[in-house]
Amino acid sequence: MLQEYSKLPGVRSVEGALDKDVSSVVFDSRQCVPGCLFVAVPGTVADGHDYIPSAIRQGASSVACTHYPEELTEGVTFLLVEDTAAFLGEAASLFYGHPSRHLKLVGVTGTNGKTTTATLLYDLFRALGHSCGLLSTVVNRVGDQSYPATHTTPDAVELNLLLKEMVDSGCEYCFMEVSSHSVVQQRIAGLVFAGGLFTNITHDHLDYHGTFAAYIKAKQGFFDHLPRTAFALYNADDRNGEVMVQNSVARRRSFALKRMADYRCRIIESLFGGMLLEIDSVQVWVRFIGGFNAYNLLGVYAAACELGADKEEVLRLLSTLHSVSGRFDYVVSPSGVTAIVDYAHTPDALANVLDTINAIRKPGQKLYTVVGCGGNRDKTKRPVMARLAVDKSDFTILTSDNPRYEKPEEILRDMEAGVSDASERWIEISDRSQAIKMAVHLAHGGTCPGEGDIILVAGKGHETYQEISGVRHHFDDKEQLCALLGIPESEVLSHQTV
C-alpha cells in the first residue's frame, strides 16, 4: 500500500489518498503503467519533474517530487520528499521486499580492481559451496544465470529487482561493484551492506566529479553509510585508504603489501605464468600477475575472512581462481609472441600493467603498446596516459578507443601533447584494427614460447564493441589479436573467467 511509502525516510508531506496499491516504482515516465508510483528524479540532461503530466497520462496514480506542481491532479497522490533520487532507492527496496536484508551484500569500490575483486569473491564463494550473485561492469549473475551489464552499478530499480531475483533463487551472498556515480546519484540508497571494500583511488572521472577531492568524497560516502554490523575493509597502502573509512561506524580492517595491516601479503616470485605469494605467513601460488593483482587477491582473502570463511580453505581456493575477462588476459602465439589485453583506462592502471610487464620480461624482449583514450570523458588524463605508454614501452601506437561523440583525431591531439618530445618512439594510427595489426607486424617471436616480444593492447579489455558517433560496432581486442597471431580462441578463454 502507498501508506508504507509515505513512511520512508525523507518524506515531508502528502497530498491525496494513501489507501491505494502500488503496481510498480518508475522513474522514467515512458515506463509508467496504471497504478504505478512515479518518482521525479532530476537528471544531468532532463528533470523528471517536467514529465509528471506525461507520467499521469500514462497511468501513474502517485508521484514523488521535491516540489508540488502548480496544479495537483485529482485522484493522484503526491508525496513531497527531500531527495527524489534517495527516495527512489528506498522505494525500490520496499517494492521488492528489501532484498538486501535477506542476503549478505558486499560492495567493492575504488578506481581500479573493482571488477576483478567482486568477480573473484563471487567465484571463491561459489567454490566454497554457496549460491551467489554478482553485479559488475562485465556481467551480472544470479546464481548460474547471466545478464548483460549496461552500467558498473545498475539504477536503483533494476538493482533491487536483481537482488530480489537472487533472494528468490536462494543466493546467500551478492558481490557488487559500487561506482562513485552510483553513490552520488543515490542508486544504492535503501540497501543494507554486510561489508565494503576499498581497492584504491587514482585520477579518473574528473569530467563528472569536477575535482579529485569531490571524487574522493563520493567514494567515502559509501563507507559513511555502512551499518555498525558491517565491515569496512581498506587498502592501507593507498594514501587515501584511511580517509575512506575515517567516518565509518562499521568494523574497520586494513590490508597491505608495504606496511603493517590486519591482512598482509608479500610477493615472493612473479612470472608470466603467475605469482608465488605469502599471505598471512602462508605461501600460495596464484595464476595472476602483478602487484595490482596481489592487492586484489589480498582484498578477496580479507573480505572472505571477515565474512567468516575458513582461512586455510580460502588460501587453497585462491590458487584455483582465474583472471577476469579483459584484465591482464594473455596468450602466447605459436611464434613465441606474448599478447596481453587489459582494461587499463586510467593512468594508474596503465602504469601498473606496464610496470608489471617490465618487471617480468627478459632482456631482449621488446614491448609494443597500443593505447587510446575514450571520447566524452576526462580529457586531462589523455596526455598523461600517452606519456606513460611511451616512457614504459619500447614503442607505442596511439589509436582510437571508444570515441563516442568526439572525433578520434581530436582525442589523439590531446594524447600527442604529452609525447611531443619523443616522436621517434611512437606513431599514430587512428584505426584501432590497423594499430593492432601494426603492433603484431613489429613484434618478433622467440625460439621458445614466452621469449618473443610482447604486445599490450590497453583500454577496452572485456568490451566487444567500439562506440563511434553513438553507434556500437563489433570490436574485440582479443579476437583481433588471435586472428593475427594464429591463436585459437579457446586458448584465450582458458586464461580468464568470462
Side-chain angles (χ1 to χ4, degrees), residues 112 202-204 270-272 289-293 323 326-333 335-374 380-401 408 411-446 449-461 477-478 480-481 484-485 487:
N112 302 311
T202 59
H203 188 130
D204 200 17
S270 185
L271 304 169
F272 271 122
I289 307 166
F292 57 96
N293 270 323
S323 61
R327 273 65 176 176
F328 215 104
D329 283 359
Y330 79 95
V331 290
V332 180
S333 76
S335 66
V337 173
T338 298
I340 300 165
V341 173
D342 195 89
Y343 188 54
H345 60 286
T346 67
D348 185 66
L350 182 61
N352 283 337
V353 173
L354 289 167
D355 287 344
T356 296
I357 296 171
N358 286 324
I360 298 173
R361 66 171 167 150
K362 300 173 184 177
Q365 285 184 304
K366 291 186 179 298
L367 171 59
Y368 298 94
T369 297
V370 179
V371 64
C373 290
T380 61
K381 66 183 180 183
R382 293 172 182 174
V384 179
M385 290 183 66
R387 186 79 226 185
L388 282 168
V390 170
D391 285 348
K392 295 177 182 289
S393 310
D394 290 290
F395 196 77
T396 298
I397 303 170
L398 304 181
T399 189
S400 181
D401 190 288
I411 299 171
L412 287 167
R413 292 296 86 78
D414 289 339
M415 296 184 74
E416 290 168 11
V419 293
S420 58
D421 62 336
S423 58
E424 75 284 355
R425 295 182 58 195
W426 63 272
I427 58 172
E428 169 197 313
I429 301 177
S430 61
D431 185 296
R432 192 174 182 90
S433 178
Q434 292 301 314
I436 294 173
K437 185 178 292 185
M438 175 59 74
V440 172
H441 173 73
L442 293 172
H444 295 281
E451 290 188 353
D453 291 338
I454 302 164
I455 300 170
L456 169 65
V457 181
K460 288 174 57 59
D477 287 345
K478 293 180 291 185
Q480 295 273 325
L481 283 166
L484 292 166
L485 291 168
I487 302 172

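Side-chain atoms are counted along with the backbone in the values below, which use heavy atoms only and exclude waters and symmetry mates.
- Here the OG1 atom belonging to T380 is positioned 10.0 Å from the CG atom belonging to D414, to the nearest 0.5 angstrom.
- Inter-residue side-chain proximity for M438 and I427 is flagged as met; some heavy-atom pair is nearer than 4.5 Å.
- A donor-acceptor pair under 3.5 Å is absent between the side-chain atoms of D401 and the main chain of C373, judged by distance alone.
- In plain terms, the two heavy atoms of A389 and T396 that are nearest each other are O-OG1, 3.1 Å.
- Between the side chain of D394 and the backbone N or O of L367, at least one donor-acceptor pair lies under 3.5 Å.
- Contact annotation: the side chain of Y368 never approaches that of I397 to less than 4.5 Å [non-hydrogen atoms, C-beta and beyond].
- Taking 4.5 Å as the limit, every side-chain heavy atom of N112 sits out of range of all side-chain heavy atoms of F292.
- Contact of the M415 side chain with the V371 side chain is registered, since non-hydrogen atoms from C-beta on lie closer than 4.5 Å.
- When every heavy atom of A386 is checked against every heavy atom of L398, the shortest pair comes out as CB-CD2, 4.1 Å.
- Distance check: I357 CD1 to I454 CD1 gives 6.0 Å after rounding to the nearest 0.5 Å.
- Atoms CZ and CG, from R327 and D342 in turn, are 7.5 Å apart once rounded to the nearest 0.5 Å.
- Using a 4.5 Å heavy-atom threshold, the side chains of K478 and L481 count as separate.
- The side chain to side chain donor-acceptor pair (under 3.5 Å) pairs that include a residue from residues 351-360 are D348-N352, D355-K392, N358-R361, where partners are two or more places apart or lie in different chains.
- Side-chain contact between T202 and P347: absent, with no pair of heavy atoms (C-beta onward) separated by less than 4.5 Å.
- When all heavy atoms of I289 and L271 are compared, the pair lying nearest together is CG1-O, 3.7 Å.
- For the pair T338 (side chain) and V332 (backbone), a donor-acceptor distance under 3.5 Å is absent.
- With sequence neighbours excluded, the residues that form a ring pair (Phe, Tyr, Trp, His ring centres under 6.0 Å) with Y343 are H345, H462.
- Put simply, the side chain of Q365 gets close to the backbone of G452: a donor and an acceptor are under 3.5 Å apart.
- For the pair A417 and P383, the tightest heavy-atom approach, listed with the atom from each and the gap, is C-CB, 4.4 Å.
- Here the side chains of D477 and R432 are in contact, with some heavy-atom distance below 4.5 Å.
- Contact check for I411 versus S400: no side-chain heavy atoms found under the 4.5 Å cut-off.
- The closest donor-acceptor contact from the side chain of R425 to the backbone of S393 lies under 3.5 Å.
- Nearest heavy-atom pair across F272 and Y330 is O-OH, 2.9 Å.
- In this structure, CD1 in I340 is found 10.0 Å from CG in D329, a value given to the nearest 0.5 Å.
- Expressed to the nearest 0.5 Å, how far CD1 of I436 lies from CD1 of I455 amounts to 9.0 Å.
- The two residues L484 and K437 have their closest heavy-atom pair at CD1-CA, 3.7 Å.
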